*Asks:* 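Below you will find the structure I want to go over with you.
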Amino acid sequence: MRCVRIIFVLLLISFSFSITNAQNTWSPQKTWVFFVGLLEWQDSASLPSFPQKNRRDKILYDLLKQSGVPTNQMMYLKDSQGTTSRINAEFSKFLSKAKPNDWVFVYYCGHGYKNDKAEAFLASYDVSNKTLGWAIKSIPEMIEKHFKGTHAIIALDNCYSGAMASAVKSQKRRVSYAVLASSMASQVSTGNWTFTESLISAFRGENFIDDDKNGVVTFDELKSNAEDDMLFGEEQLATITFTGNFDSKTVIAKAEPSSNNPRMGERVEVYSANSWWKGYVIDAQNNKFKIHYYGWEEADQECVNANQLRKSTPLQY
């Protein structure tokens, strides 16, 4: 009888450990993904377009699908599809489909602006003097009203995106939030894809994001790397915060095998083409370093020698 009790206790401990691990790992299968990616607008004179080539919002969207998010739990409104009325209508219907304990991942890239009352908006395709954009404060309000799940990730790559942190914290919320914003509430944001690229690196599990080299990437590591990328590469402050029961140590992805070279992921300045350029090391072998430059394409990556690198201290705010 004593042996049976010991076995039962061990099984109970094992079961509890499994549950704890499951709670601390992001589940793509239980996640709903709502993307609005705008690189062009109806009022092109007031809202300049961004290049369509190799758009990173689509890369991030596809990466989440490859991670295991079911296609019937994903929606992507692109450019002219992203009118204010359609965004609001589709978002409320989309949120209502989720089940208890599900997560939602909301993403926007494009222009952000504030009205005369200093209220922050995401610029929808048809935004004008007569048509307001997607109100930042409306996003957590709609999640609280229509979403039955427990956790929300809101990632914004636009000017004044940090206003989302204030909107989420403005009142007590039922849902726990991770706000991943490229700038402060009072700050414009770069026209480069640097912030979205940081998200891609984390969800892809790139080994230089795994700061503690334990084989996994967490939201904490996403936060530290995204903040450092924006500060060093773009000289601006990202706003990343977690509320409620959102565990920042939740695992996002299994990390790629770690490199033995300590300079992997190091942010450096590189002397090339008679000038200094900011980037970070993505591969290092035999005293040769492959560099990804902030604001440039993968096709512009190059291998350089150690004597072309110098360390640089980012601006301190």
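For the numbers below, each heavy atom of this structure counts, side chains included, while hydrogens, waters and symmetry mates do not. What you see is a predicted model; the values in this text were computed from it and never measured.
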*Asks:* Can you list the steps and then say if I87 with L122 is a side-chain contact (heavy atoms from CB on, under 4.5 Å)?
*Replies:* CA-CA 11 Å; I87 290 172; L122 309 176; over 6 Å; no
*Asks:* For R174, what residues pass the salt bridge (Lys or Arg N to Asp or Glu O under 4.0 Å) criterion, not counting sequence neighbours?
*Replies:* none
*Asks:* Between the main-chain N or O of Y125 and the side-chain N or O of T83, is there a donor-acceptor pair closer than 3.5 Å?
*Replies:* no
*Asks:* Output all residues satisfying side chain to side chain contact (heavy atoms under 4.5 Å, CB included) with K288, sequence neighbours left out; order by chain, then residue number.
*Replies:* N305
*Asks:* What residues, two or more places apart in sequence or in another chain, satisfy side chain to side chain contact (heavy atoms under 4.5 Å, CB included) together with Q52?
*Replies:* L39, E40, R55, K78, D79
*Asks:* The criterion is salt bridge (Lys or Arg N to Asp or Glu O under 4.0 Å); which residues satisfy it with D126, sequence neighbours excluded?
*Replies:* none
*Asks:* Hey, is the main chain of V168 close enough, under 3.5 Å, to the side chain of R173 for a donor-acceptor pair?
*Replies:* yes
*Asks:* Please identify each residue that fulfils side chain to side chain contact (heavy atoms under 4.5 Å, CB included) with A255, with sequence neighbours left out.
*Replies:* D210, V217
*Asks:* Check whether W277 reaches the backbone of Y293 with its side chain - one donor and one acceptor, N or O, closer than 3.5 Å.
*Replies:* no
*Asks:* Evaluate the criterion salt bridge (Lys or Arg N to Asp or Glu O under 4.0 Å) for residue pair R204 and E206; output intermediate values, then yes/no.
*Replies:* CA-CA 6 Å; R204 191 179 278 164; E206 296 186 9; 3.1 Å; yes
*Asks:* Does the side chain of S161 come under 3.5 Å of the side chain of Y108 through a donor N or O and an acceptor N or O?
*Replies:* no
*Asks:* Provide the full list of salt bridge (charged side-chain N to carboxylate O under 4.0 Å, His left out) pairs with a residue in residues 303-312, sequence neighbours left out, each pair given once.
*Replies:* E269-R310
*Asks:* Using only heavy-atom distances, determine whether the side chains of N225 and S198 contain a donor-acceptor pair under 3.5 Å.
*Replies:* no
*Asks:* So does N207 get a backbone contact from the side chain of K213, meaning a donor-acceptor N/O pair under 3.5 Å?
*Replies:* yes
*Asks:* Is it true that atom NZ of K137 has more than 12 heavy atoms of other residues, nucleotides or ligands lying nearer than 6.0 Å?
*Replies:* no
*Asks:* Any salt bridge (charged side-chain N to carboxylate O under 4.0 Å, His left out) involving residues 149-161? Give me the pairs, sequence neighbours left out, ordered by first then second residue.
*Replies:* none
*Asks:* Just jot down the ring pair (Phe, Tyr, Trp, His ring centres under 6.0 Å) partners of F121, sequence neighbours excluded, or say none.
*Replies:* Y113
*Asks:* Please evaluate residues Y107 and T196 with respect to the criterion side-chain contact (heavy atoms from CB on, under 4.5 Å), reporting the C-alpha separation (whole Å), side-chain torsions for both, the decisive distance (0.1 Å), and the verdict.
*Replies:* CA-CA 10 Å; Y107 171 91; T196 297; 2.8 Å; yes
*Asks:* Could you pull out all residues at least two apart from D102 that satisfy side chain to side chain donor-acceptor pair (under 3.5 Å)?
*Replies:* W32
*Asks:* Looking only at side-chain N and O atoms, does Y76 offer a donor or acceptor that is under 3.5 Å from a partner on Q81?
*Replies:* no
*Asks:* Is there a donor-acceptor contact under 3.5 Å linking the side chains of Q236 and T190?
*Replies:* no
*Asks:* Identify, with sequence neighbours excluded, every residue that meets side chain to side chain donor-acceptor pair (under 3.5 Å) alongside S80.
*Replies:* none
*Asks:* Only counting residues at least two apart or in another chain, list the ones meeting side chain to side chain donor-acceptor pair (under 3.5 Å) with K58.
*Replies:* D62
*Asks:* For a quick test of your reading: what N or O donor-acceptor pairs under 3.5 Å do the side chains of residues 128-136 make, sequence neighbours left out?
*Replies:*
residue, atom, partner, partner atom, Å
S128, OG, K130, N, 3.2
S128, OG, T131, N, 3.1

*Asks:* State, without any angle test, whether S124 and T84 hold a side-chain donor-acceptor pair at a distance under 3.5 Å.
*Replies:* yes
*Asks:* Does any N or O in the side chain of S44 come within less than 3.5 Å of the main-chain N or O of W41, such that one atom is a donor and the other an acceptor?
*Replies:* no
*Asks:* Tell me whether E227 contacts the main-chain N or O of S224 through its side chain, where contact means a donor paired with an acceptor under 3.5 Å.
*Replies:* no
*Asks:* Output yes when a side-chain donor or acceptor of T239 lies under 3.5 Å from a complementary backbone atom of S183, and no otherwise.
*Replies:* yes
*Asks:* Quick check: does any side chain N or O of K278 sit under 3.5 Å from a backbone N or O of F232, one acting as donor and the other as acceptor?
*Replies:* yes
